Amino acid sequence: MLFDTHAHLDSPKFDNDREEVIARAREAGVSTIVNIGFNRETIPTTMALAERYPFIYAAVGWHPTDAIDMRLEEDLAWIERLCAHPKVVAIGEIGLDYYWDTSPKDVQHVVFREQIRLAKRLNKPIVIHNRDAHEDVVRLLREEGASEVGGIMHCFSGSWETARQCLDMNFYISFGGPVTFKNARVPKEVLAKVPLDRLLIETDAPYLAPHPHRGKRNESAYVSLVADAAAEIKGLTRENIEDLTSLNARACFRLEEKTVTMQEK
């Protein structure tokens with residue numbers, strides 16, 4: 001049973017065949033998916049998916065590239081209200097992005113800090129987006145006491161030293177399609193060192209498709225290819241990886257009693 005901990009199945013890239021994509025995920029053995037709503041447009045569509053499919057859950061938050069567009073007080077209150085919904089399992093994706101020059105760093109910092117504080121008040125795990133901002137992400141997580149709620153370092157691309165600091169703050173380390181790439185030396189080395197009880201897998205569909213689909217549209221069924229890569233790197237069976245990453249995801253999102261099995265469609 002596979003658990004895709006991070007997807008964007010509400011993306012317009014799936015408008016022509018969303019039901020088929022979701023059906024293929026189920027056929028591939030994906031038992032649970034967490035879809036991510038990250039701004040004013042995608043939060044409602046994520047909630048609609050979670051309400052339609054019993055095996056899809058939602059994370060809601062404000063993406064750093066959209067931080068400049070956030071009406072801080074109003075949108076934080078909106079996220080807080082949504083977090084009372086039984087299908088909302090995390091706040092995210094939140095964090096810092098220094099690659100895309102769309103929101104000033106100081107604005108990103110404020111939005112990130114406020115969402116960490118909200119997560120602590122609500123006792124929700126957080127899903128972290130980190131692009132070219134490793135030092136500041138770790139610093140802000142530490143300064144805001146994010147270890148109280150922990151969460152996921154989504155599609156991790158940093159060094160082992162960064163991963164170790166995140167592990168020390170109660171975070172899981174999640175890997176996606178890039179770990180399957182032949183030239184992905186650092187992600188493979190980091191995955192090899194991550195403790196088995198802190199390892200997660202994801203797709204980030206429709207982005208970052210794994211080999212041999214690199215450069216094409218990603219989908220949740222392809223999380224099986226990430227599982228294959230993780231099994232090879234860890235020297236475990238594919239079944240081992242499926243079991244432990246699913247258990248880890250349920251623990252992170254507190255879904256032990258909620259997870260829908262393949263028979264409970």
Side-chain angles (χ1 to χ4, degrees), residues 5-6 36 59 61 63-65 67 90-101 103 105-106 108-113 115-117 119-120 125-204 207-208 210-211 223 226-227 229-236 240-241 244-245 247-249 251-253:
T5 60
H6 195 114
I36 311 295
H63 197 284
T65 59
I91 291 178
E93 62 192 275
I94 66 176
L96 303 176
D97 191 313
Y98 293 171
Y99 179 82
W100 296 109
D101 186 23
S103 291
K105 290 182 181 179
D106 60 337
Q108 291 190 45
H109 289 195
V110 170
V111 168
F112 188 24
R113 287 183 186 275
Q115 290 184 98
I116 297 171
R117 293 168 188 173
K120 288 169 62 179
I126 51 180
V127 179
I128 302 300
H129 173 101
N130 171 16
R131 189 162 188 188
D132 295 350
H134 305 301
E135 184 176 336
D136 281 352
V137 164
V138 170
R139 177 175 62 84
L140 267 62
L141 288 172
R142 184 177 291 119
E143 289 177 1
E144 294 297 333
S147 60
E148 289 184 24
V149 290
I152 299 174
M153 305 306 296
H154 145 62
C155 204
F156 189 78
S157 62
S159 66
W160 168 243
E161 175 58 24
T162 299
R164 187 189 59 76
Q165 294 177 73
C166 295
L167 289 165
D168 288 345
M169 288 189 287
N170 198 27
F171 280 84
Y172 292 80
I173 311 296
S174 184
F175 295 88
V179 81
T180 70
F181 301 163
K182 292 181 180 179
N183 61 349
R185 179 183 60 82
V186 173
K188 293 176 190 289
E189 291 176 354
V190 173
L191 192 153
K193 294 179 180 180
V194 170
L196 291 176
D197 64 350
R198 287 282 152 176
L199 176 65
L200 295 175
I201 55 177
E202 63 172 87
T203 60
D204 201 20
Y207 314 107
L208 299 175
H211 177 80
V223 74
V226 181
E232 181 178 355
I233 293 166
K234 285 293 194 183
L236 298 172
N240 291 152
I241 290 294
L244 70 89
T245 55
L247 285 171
N248 292 345
C252 176
F253 293 121

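Here the structure is a predicted model, which is why all the values come from computation and not from measurement.
With rounding to the nearest 0.5 angstrom, the CD atom of Gln165 is 12.5 Å from the CZ atom of Arg139. Annotation: the span from Asp168 atom CG to Leu141 atom CG amounts to 12.5 Å, rounded to 0.5 Å. Distance NZ/Lys188 to NZ/Lys234: 13.5 Å, rounded to 0.5 Å.
Minimum interatomic distance between Phe253 and Ala90 (heavy atoms only, all atoms of both residues): CE2-CB, 3.8 Å. Considering every non-hydrogen atom in both Gly61 and Ile91, the closest pair reads CA-CG2, 4.4 Å. Closest approach of His134 to Gly158, counting heavy atoms only: CE1-CA, 3.6 Å. Between Ile173 and Ala163, the closest heavy-atom pair is CD1-O, 4.1 Å. Nearest heavy-atom pair across Leu96 and Gln108 is CA-OE1, 3.3 Å. Closest approach of Ala251 and Tyr172 over heavy atoms only: CB-OH, 3.8 Å.
Counting only distance, with no hydrogens or angles, the side chain of Thr180 and the backbone of His211 share a donor-acceptor pair below 3.5 Å. A distance-only check finds a donor-acceptor pair linking the side chain of Arg198 to the backbone of Asn170 [under 3.5 Å]. Proximity of a side-chain donor or acceptor of Asn248 to a complementary backbone N or O of Leu196 within less than 3.5 Å is detected. Without hydrogens or angle criteria, Glu202 side chain to Cys155 main chain gives a donor-acceptor distance under 3.5 Å.
With a 4.5 Å cut-off on side-chain heavy atoms, Ile126 and Gln115 do not count as touching. With a 4.5 Å cut-off on side-chain heavy atoms, Pro64 and Val111 do not count as touching. Proximity of Val137 to Met153: side-chain heavy atoms (C-beta onward) are separated by under 4.5 Å at one or more points. In this structure, the side chains of Lys193 and Arg164 stay at 4.5 Å or more apart for every pair of heavy atoms. Counting heavy atoms from C-beta on, the side chains of Asp136 and Tyr98 come closer than 4.5 Å. For the pair Ile241/Leu199, a side-chain contact is recorded, criterion being any heavy-atom separation below 4.5 Å from C-beta on.
The local environment of CG in Asn183 is crowded, with over 12 non-hydrogen atoms from other residues, nucleotides or ligands closer than 6.0 Å. For Glu232, the CD atom is loosely surrounded, since the number of other residues' heavy atoms within 6.0 Å does not exceed 12.
Contact check on Lys120 versus Glu144 returns no salt bridge, with no Lys/Arg side-chain nitrogen under 4.0 Å from an Asp/Glu carboxylate oxygen. A salt bridge links Glu189 with Arg185; the closest basic N to acidic carboxylate O contact falls under 4.0 Å.
Checking each of Thr203, Leu200, Ile36 against His6 for a side chain to side chain contact (heavy atoms under 4.5 Å, CB included) leaves exactly one that passes, namely Ile36. Checking each of Val190, Val194, Val179 against Ile233 for a side chain to side chain contact (heavy atoms under 4.5 Å, CB included) leaves exactly one that passes, namely Val179. Ser174 pairs in a side chain to side chain contact (heavy atoms under 4.5 Å, CB included) with only one of the listed residues (Asp204, Val226, Ile152, Ile128), which is Ile152.
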Given Leu167 and Trp160, is the side chain to side chain contact (heavy atoms under 4.5 Å, CB included) satisfied, shown in steps? CA-CA 10 Å; Leu167 289 165; Trp160 168 243; 3.8 Å; yes
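Under the 30°/60° scheme for interplanar angles, the aromatic rings of Phe175 and Phe156 are found to stand perpendicular.
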